[in-house]
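Okay, structure first, notes after.
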Amino acid sequence: MTGPRRDPDMVRPYVRTGGKIRARDDVRLESVLIAASGPTDSLGPDARRVMRLFTGAVGGLAVADIAAALELPPSTVRILVSSLVDSGHLTSPVAAIDHQPESDLLQEVLRGLRSLV
């Protein structure tokens, strides 16, 4: 045996997130994010990797897609993305409240679906 493995890609999630252990509640795997403008020089290496995914991208990216592209655990990416949202580098588009269906319509659809089963 030659000694402990020294793989640069084997970095603990705790180190990647700067010691943070919890993501914001509103950042979920299906959350879609868009990049805001601003300098990224002061960001850590993993945060810069996240921001590079948005370079030239049209539209937003889901947190799950970011995790897959970076080959990082989704829980770690949620924390990284949360930090980027807090710093203003990423933002989440706001859902249009006016275009949500009425609850009566949703109840009727639910009844219809249940009758099919």
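Computed from a predicted structure; not experimentally measured. Values below: every heavy atom of this structure, side chains too, minus hydrogens, waters and symmetry copies.
In this structure the side chain of I66 reaches within 4.5 angstrom of the side chain of V81, judged on heavy atoms. Within the 4.5 Å cutoff, side-chain heavy atoms of L84 are placed close to those of L43. Looking at heavy atoms from C-beta onward, V85 lies out of side-chain contact with T91 at the 4.5 angstrom threshold. Considering only heavy atoms from C-beta on, D46 comes within 4.5 Å of R49 through its side chain. Within the 4.5 Å cutoff, the side chain of L90 has heavy atoms near those of the V50 side chain. Using a 4.5 Å cut-off on side-chain heavy atoms (C-beta onward), L29 and R78 make contact.
Nearest approach of G88 to A36, heavy atoms of both residues: O-CB, 3.2 Å. Considering all non-hydrogen atoms of both residues, P74 and A67 come closest at CA-CB, 3.9 Å. Counting all heavy atoms, side chain and backbone alike, M51 lies closest to H89 at CE-O, 3.5 Å.
Expressed to the nearest 0.5 Å, how far CZ of R48 lies from OG of S42 amounts to 9.0 Å. Summarising the geometry, atom CG belonging to L80 is positioned 7.0 Å from atom CG belonging to L72; distances are rounded to the nearest 0.5 Å.
Heavy-atom contacts from other residues, nucleotides or ligands closer than 6.0 Å to CD of E71 number 12 or fewer. Summarising the local packing, CZ of R114 is surrounded by 12 or fewer heavy atoms from other residues, nucleotides or ligands at distances under 6.0 Å.
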**Message:** Could you walk me through whether L33 and V63 satisfy the side chain to side chain contact (heavy atoms under 4.5 Å, CB included) test, starting with their C-alpha distance in whole Å, then the side-chain angles of each, then the deciding distance to 0.1 Å, before giving a yes or no?
**Reply:** CA-CA 7 Å; L33 302 160; V63 175; 3.9 Å; yes
**Prompt:** Stepwise, does the side chain to side chain contact (heavy atoms under 4.5 Å, CB included) test hold for L53 with L70?
**Reply:** CA-CA 9 Å; L53 292 175; L70 297 180; 3.9 Å; yes
